Each structure stands twice: as structure tokens, then as C-alpha cells.
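All of these numbers come straight from a predicted model, not from anything done at the bench. Numbering of residues begins at 1 and proceeds along the displayed sequence.
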Amino acid sequence: MPELPEVEALRIFLDDRLVGREIDRVLPLAVSVLKTYDPPLAALHGTTVTGTARHGKFLDVRAEALHLIIHLARAGRLRWRDGFPAAPPRPGKGPLALRTVLTGGDGFDLTEAGTTKRLAVHLVHEPTEVPGIARLGPDPLDDAFDRDTFAALLAGENRRIKGALRDQSLIAGIGNAYSDEILHAAKMSPYKPTTGLGEDEITRLHTVLRDTLRDAVARSGGPAAGELKAEKKIGMRVHGRTGEACPVCGDTIREVSFSDSSLQYCPTCQTGGRPLADRRLSRLLK
């Protein structure tokens, strides 16, 4: 799933291509993609794009008084098109979910592969009308997200640090992949309880968190929107690299599996050389 760095890179990519341009038409092509119906998508026709924004993992294209909010979820992709076929697309055929065409003939497609449909598009007057945005915690790249703010957020938590970092209502934009990367860079176990964090550990984690996300945004800058998933994989040190050598110490990267996700970590760098318990794997071996 695209996380804060990929969505921010997409925002920058689209900002350069959309702001000041007029929208000719927006075509919904999958029944599941549109989550709001008032105002209708036709209200965007003839409007001028006045800005872009990001809210956690949500992309926001502002067209005068309206906001086209996009959440790519796990399998959604945004692809820029310099032109479109003359024949209109057929709704419900293939992965194409929504098409946005500018008056110049270029624009972008939203696609979603697979049978599980989670790609979501909202058209609203205010971003906070989208429930997922209304519940977001602070943005970790915001200037106001300082060490004391981070410490105050963690002070109210009593759970594993991995889960705290992924909680969108606590901190916006960090998901499974970058929480792995942040904890590896901080040399911290994903199972470490938030209540056990010392002052120096909070300071180190805050610094590493912001540095990791900033580096990922910078690394993702420039490539075409459809290439960002590949760029994300290339930049990962532990996430998605089970069985490979840790680039810091050379130990083998290990994995803990859950019902709908998995985490990766380096035992030497993060857990004092001890493998973390993987109950799912233990059951399979019995």
C-alpha cells in the first residue's frame, strides 16, 4: 500500500501537471470506486485545479471549491496519460476505475487490480468530510511535529511500538512498510512496549522517523507516477526482504506473520540477536 512518502511524491508529481489546468471530464468506471454522490463528479467539469495536498495516505486534488480525494489502498495505482483513446472506456471492464481528462487531452487514470476493491474516491467541499481524514493524527513531516509532540502522543499509549506507529489516528501516513524501516534504523524491536521507552529512545525514534520519511520522499521524487511502487521496494532495507542479509550487520532478516500482514526485522540490530515469537509459524510446524 502506498504510504506517506509515495503519496507525497504523487502529490508533487500531480501538482506540476494539474495546477492551473481545466478539468474537461471525470469518468467513474467501477461501481465500487466512488464513495460520495453529492456533489456529483460532473460538478468538476469546467473547473480549474487550484492546488494539491496530502492528508496522511490520502491524495487531495483541489478544484476551486471542491476536493477530489483519492485513497489508493493496497492495489490502486495512478497513471498519468499524455492522451487517451478516442473511443470512451467501457465501465466495469478491466482494472480501470476512474479517468480524469483535462481540456488539453491529457490526464490520469486510476486503476485497481484484483478482486478485492478498496480504491476509494470522494468528492467533497471539505477534506474532513471524509471519515478517514477526519480521524487522522498529526502529520510526522509537519514542522509542528517536534520531539515533545511525539513524546506526548506516545505517553497515552500502552502497546507495542510497531502498532503505535501504524495507527493513523495517532500519526498520519505511516504503514506496515515504513514502520519496519523506521524501527530498523532506530535499532528498536517492533515488540517494544511504548511504556518502556526511555527519553533518549523517544528522541532517537523521533529523529529517525522524520529522517526516514524525508529520505523516502526525496528518493521517490522525479519518476513517473506508475513507477513509484518499484522505487519503494528498492529503497527498503528490511521490509519485504525476508531471508536476505541485513545491509547494516549482515544478519539474516527475519519475518513475523499475521493473518493479514507481516513484519520484517533484523535480530542483531533490533532484538539483541533473539528471534521474535511467530505463533502462526509455530502452529504450522506442530
I need the single residue from Leu29, Leu27, Leu41, Leu119 that forms a side chain to side chain contact (heavy atoms under 4.5 Å, CB included) with Leu98. Which is it?
Leu41
Look at Asp109 together with Arg77 and state whether they make a salt bridge at an N to O cut-off of under 4.0 Å.
no
In short, salt bridge (charged side-chain N to carboxylate O under 4.0 Å, His left out) pairs touching residues 25-35 with sequence neighbours left out are none
Run the numbers on Ile23 and Leu68 for side chain to side chain contact (heavy atoms under 4.5 Å, CB included), then give the verdict.
CA-CA 12 Å; Ile23 297 173; Leu68 184 67; over 6 Å; no
Please list all pairs passing the salt bridge (charged side-chain N to carboxylate O under 4.0 Å, His left out) test where one or both residues lie in residues 45-62, with sequence neighbours left out.
Glu8-Arg54, Arg54-Asp139
So the ring pair (Phe, Tyr, Trp, His ring centres under 6.0 Å) pairs with at least one residue in residues 139-167 (sequence neighbours excluded) are Phe145-Phe150, Phe145-His206, Phe150-His206
Would you give me the side-chain donor-acceptor pairs under 3.5 Å for residues 268-276, sequence neighbours excluded?
unit_1, atom_1, unit_2, atom_2, d
Thr268, OG1, Asp251, OD2, 2.8
Gln270, OE1, Cys266, N, 2.9
Gln270, NE2, Met188, O, 2.9
Thr271, OG1, Pro267, O, 3.1
Thr271, OG1, Arg274, O, 2.6

Does Arg118 have more than 12 heavy atoms from other residues, nucleotides or ligands lying within 6.0 Å of its CZ?
no
By ring pair (Phe, Tyr, Trp, His ring centres under 6.0 Å), which residues pair with Tyr191, not counting sequence neighbours?
none
Going through the checks in order, is the side chain to side chain contact (heavy atoms under 4.5 Å, CB included) test met by Leu72 and Leu59?
CA-CA 9 Å; Leu72 294 171; Leu59 184 65; over 6 Å; no
Heavy-atom side-chain contact between Phe108 and Ile70 under 4.5 Å:
yes
Counting only N and O atoms by type, is there a donor-acceptor contact under 3.5 Å from the side chain of Asn176 to the main-chain atoms of Arg166?
no
Which residues end up grouped with Val31 if you chain together Ile, Leu, Val, Met, Phe, Trp and Tyr wherever their side-chain heavy atoms are less than 4.5 Å apart?
none
Assess, by modelled atom type and distance only, whether the side chains of Thr52 and Arg11 contain a donor and an acceptor separated by less than 3.5 Å.
yes
Checking Lys117 now: which residues fulfil side-chain contact (heavy atoms from CB on, under 4.5 Å) with it, not counting sequence neighbours?
Ser32, Glu112
For Thr111, give me all partners under side chain to side chain donor-acceptor pair (under 3.5 Å), at least two apart in sequence or on another chain.
none
So, using side-chain contact (heavy atoms from CB on, under 4.5 Å) as the criterion, who are the partners of Thr252 when residues are at least two apart?
none
Inter- and intrachain pairs under ring pair (Phe, Tyr, Trp, His ring centres under 6.0 Å), touching residues 18-61, at least two apart:
Phe58-His71
Let me check something: any side-chain donor-acceptor pairs from residues 124-138 under 3.5 Å, sequence neighbours excluded? List them with distances.
unit_1, atom_1, unit_2, atom_2, d
Glu129, OE2, His125, N, 3.3
Glu129, OE2, Glu126, N, 2.9

Pair listing, side-chain hydrogen bond (donor to acceptor under 3.5 Å, both in side chains) test, anchored in residues 145-157, at least two apart:
Asp146-Thr149, Arg147-Glu199, Arg147-Thr203, Glu157-Arg159
Would you please test Leu14 and Val19 for side chain to side chain contact (heavy atoms under 4.5 Å, CB included) and show each step?
CA-CA 8 Å; Leu14 290 176; Val19 174; over 6 Å; no
